[in-house]
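See structure below.
The chains referred to below are lettered A, B, ... by the order of the sequence lines, with proteins before strands, and numbering in each begins at 1. Everything numeric in this text was worked out from a predicted model, so none of it was measured.
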Amino acid sequence: MSEENIPSRSNFITEIIDQHLENGRFTNVHTRFPPEPNGYLHIGHAKSICLNFGIARDYGGLTNLRFDDTNPITEEVEYVESIQDDIRWLGFDWEDRLYFASDYFAQMYDYALQLIKLGKAFVCDLNVDELRHYRGTLTEPGKNSPYRERSIEENLDLFQRMKAGEFQEGSHTLRAKIDMASPNLNLRDPVLYRILHAHHHRTGDEWCIYPMYDYAHALSDSIEGITHSICTLEFEDHRPLYDWCLQTLGIFHSQQIEFARLNLTHTVMSKRKLLQLVREGHVSSWNDPRMPTLSGMRRRGYTPEAIRTFADIIGVAKAHSNVDMELLEHVLRDDLNARARRVMVVVEPLKVIIGNYPSDKEETFDVPYFPSSRALDDSPTRQVPFSREIFIERSDFMEEPPSKFYRLAPGREVRLMNAYYITCTDVVKDANGEVVELHCTYDPESRGGMSPDERKVRGTLHWVSARHAINAELRLYDTLFTLPNPFDVPDDGDFMDNINPNSLQVVTDAKLEPVLAEAVVGEFFQFMRQGYFCLDSVDSQAGAPVFNRSISLVDTWAKMQQNR
RNA sequence: UGGGGCAUGGUGCAAUGGCAGCACAGCGGACUUUGAAUCCGUUGAUCCAGGUUCGAAUCCUGGUGCCCCGGCCA
């Protein structure tokens, strides 16, 4: 193994692989990501994608993308498209190894014939209810099917007629002949094939019998030469059946390894529950920026790099985990901090009139997009216009400031970022006593944000020239659920009771500096002192921009207020 | 004793018989033309009870708790 092939991070899976490589069970590593095309990919799938592609990369091996399309009733082409888009966006490449379990239907059928000839499978005429009855319970053994001892010839004939479409759905199944008394229910003569007179998105009406997951997955892995078939914990009980299929047939034997799926606080991760959120209108769609789907996160402003870093950091184990959303948010902030251009946007505007600034005067400041690299003088810049009337953030002014508040207040002086120092001289209120306007004076000597006398000015505010401001809609997001664990409900409760009614806050009259008119989908911005934002790829229009808040900045001041 | 699996700070992951460590969160401070970032410091953990051992998170025995399995879904 060359230097760069040493796994970046070891875990119990890489330990197993190392053993296999040492003892010669395998000489290469070949993984696969096997989504069922019945929904959109979410952050939990991203963990699996990063794991499978990452391990193959670390060991100099390959990863296949294989759609597990064995249930035509729930699967659609729309999903196979979106899944590929999402994986590519995440940054992984399956090259020419795009496969479908349905590619192997003919081969799987032949293997089924072999199983019958081996006396290891039989056609069963029991219906669903009868089968359930025969299966027994968790603590009691099942009973053999009355059709279990059919002759090989009869089974062959029946199975071929199943394939030929002679029978109704539910009337017959092909079952493995294993052990109805097994304590593992998966081994109680499990169904291998069922009849489904359904149109398949790839094979059309060619087939009316479809293989079950356990059979199809094991054979697909074997056919593709997958060495390590990584799946989630709930399939642990299925491994003996997986092994049985490959052993009985005597074909290439992949090793199934199970790990704990990802859970995140303040959200839900199952396709069914995500679908419920969409159907009941709690979110706009699968790619609503509040959704933990990859398409939603992309629209929200998550970067592939942040998600990959996250997958790397959380690690992989067999213990059930519930990762803190704050960790996800941390990696996003970290990534965006390094790449987002800084601009000024006033979310909740309060007008400021600078009395001693001539009303017909205008000037522009050349402001760096990356102020922290100012010293290096290597940051690109943009022109920011300034004039007599500006907007500042309403929360940056308090008439009666508490201690430690060092923003604007009557008589106080603050710095307008990159512009001038201003001092508040007058507060204008409406009939309700609400502040509607501030009158200030500026110090012409402080142009650029620093005064010759180097006097200390504690507060530095962002601002936008009123005359030049462009309006925009801002969408501020919070978690979908109020509790870390949405399922933490009283006995008669439902996780939907914990939905966050304020997960979306829409601001319709935000004031942006003019350059933002040229913003393009896919660009990342830091609205200074607010958070990271990106143009919404769905609802934003020329002249009517809509920005999503990807994630707010850490707000120490707000935290101080909270703790009081 | 149906079967399978898992227990390490608040959360996630390490330590593979030899000083329990990392990240996030928390707390305190420095710096600051972003109350951001950065920097420095810091609180906090081996499910329980026995046993083996010079030495146990790790090995053994017995408990306890939690998760998964009775689809012709995956």
Side-chain angles (χ1 to χ4, degrees), chain A residues 9-11 15 34-36 38 68-71 73-75 124 126-128 131-133 135-142 169-175 182-188 190-196 209-210 212-214 216-217 231-240 258 260 262-263 265 271 313-331 333-334 337-338 342 344 367 371-372 374 404-407 415-419 421 448-450 457-462 484 526-532 552-560 563:
Chain A
R9 187 172 292 264
S10 67
N11 54 56
E15 278 173 24
E36 183 188 12
N38 70 343
D68 218 336
D69 57 348
T70 56
N71 185 353
I73 295 166
T74 58
E75 296 154 6
C124 182
L126 256 23
N127 66 34
V128 193
L131 180 55
R132 186 169 28 242
H133 184 248
R135 186 159 25 229
T137 69
L138 291 178
T139 53
E140 298 158 11
E169 282 186 18
S171 62
H172 301 266
T173 55
L174 182 74
R175 291 224 266 156
S182 172
N184 181 344
L185 298 250
N186 296 118
L187 261 22
R188 318 243 262 228
V191 172
L192 263 23
Y193 270 88
R194 77 286 212 186
I195 298 169
L196 252 28
I209 54 171
Y210 289 90
M212 296 288 289
Y213 165 84
D214 293 292
H217 205 87
C231 61
T232 44
L233 251 30
E234 68 269 26
F235 292 105
E236 223 153 10
D237 283 343
H238 295 242
R239 181 160 20 104
E258 311 84 11
L262 170 68
N263 291 298
T265 62
K271 286 182 194 169
I313 284 179
I314 56 175
V316 39
K318 297 193 72 162
H320 294 285
S321 68
N322 200 11
V323 177
D324 209 318
M325 181 67 85
E326 284 179 289
L327 181 57
L328 217 208
E329 297 180 340
H330 164 79
V331 298
R333 280 196 191 96
D334 199 46
N337 177 46
R342 270 62 171 174
M344 292 193 288
V367 181
S372 57
R374 185 186 350 251
K404 297 280 180 63
F405 181 88
Y406 50 81
R407 276 111 96 143
R415 170 167 36 233
L416 293 178
M417 205 177 274
N418 298 296
Y421 293 175
M450 204 54 120
V457 174
R458 192 71 195 278
T460 301
L461 313 186
H462 58 282
Q526 186 197 91
F527 291 180
M528 294 189 85
R529 304 208 302 135
Q530 297 290 342
Y532 296 97
S552 64
L553 248 31
V554 169
D555 191 345
T556 306
W557 170 246
K559 193 178 295 172
M560 282 166 63
N563 292 345

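Residue contacts for A/N563: at a heavy-atom cut-off of 4.0 Å it reaches the sugar-phosphate backbone alone, with no base atom in range. Looking at heavy-atom distances under 4.0 Å, A/V331 makes no contact with the nucleic acid at all.
In this structure, the CE atom of A/M417 is 12 Å from the P atom of B/A36, given to the nearest Å. In this entry the distance linking CG of A/L187 with P of B/G2 reads 19 Å, nearest Å. Protein atom CG of A/L553 is 10 Å distant from nucleotide atom C1' of B/G35, rounded to whole Å.
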Restricting to nitrogen or oxygen on both sides, can you table the protein-nucleotides 4-6 of chain B pairs closer than 3.5 Å?
unit_1, atom_1, unit_2, atom_2, d
B/G4, O2', A/D237, OD1, 3.4

Filtered N/O pairs between nucleotides 71-74 of chain B and protein, under 3.5 Å:
unit_1, atom_1, unit_2, atom_2, d
B/G71, OP2, A/R135, NH2, 3.1
B/C72, OP1, A/R135, NH2, 3.2
B/C72, OP2, A/R135, NH1, 3.1
B/C72, N3, A/G170, O, 3.4
B/C72, N4, A/L126, O, 2.7
B/C72, N4, A/V128, N, 3.4
B/C72, N4, A/G170, O, 2.7
B/C73, OP2, A/R194, NE, 2.8
B/C73, OP2, A/R194, NH2, 2.8
B/C73, O3', A/R194, NH2, 3.2
B/C73, O2', A/N71, ND2, 3.0
B/A74, OP1, A/T70, OG1, 2.7
B/A74, OP1, A/R194, NH1, 3.3
B/A74, OP1, A/R194, NH2, 3.0
B/A74, OP2, A/Y213, N, 2.9
B/A74, O3', A/D68, OD2, 3.2
B/A74, N6, A/H238, NE2, 3.3

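B/G71 adopts a syn glycosidic conformation, its chi angle falling within 90° of 0.
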Legend entry - For RNA chain B, the dot-bracket pattern of Watson-Crick and G-U pairs whose distances stay under 3.5 Å, | for other-strand partners: .((((((..((((....[..)))).(((((.......)))))....(((((..]....))))))))))).....
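Between A/R529 and B/G35, a side-chain N or O to OP1/OP2 separation shorter than 4.0 Å is present. At B/U34, none of the side-chain N or O atoms of A/H462 fall inside 4.0 Å of OP1 or OP2 (strictly under the cut-off).
In this model, a side-chain donor or acceptor of A/Q526 finds a partner on the base of B/U34 within 3.5 Å.
Under a 3.5 Å cut-off, the side chain of A/N263 and the backbone N or O of A/S321 do form a donor-acceptor pair.
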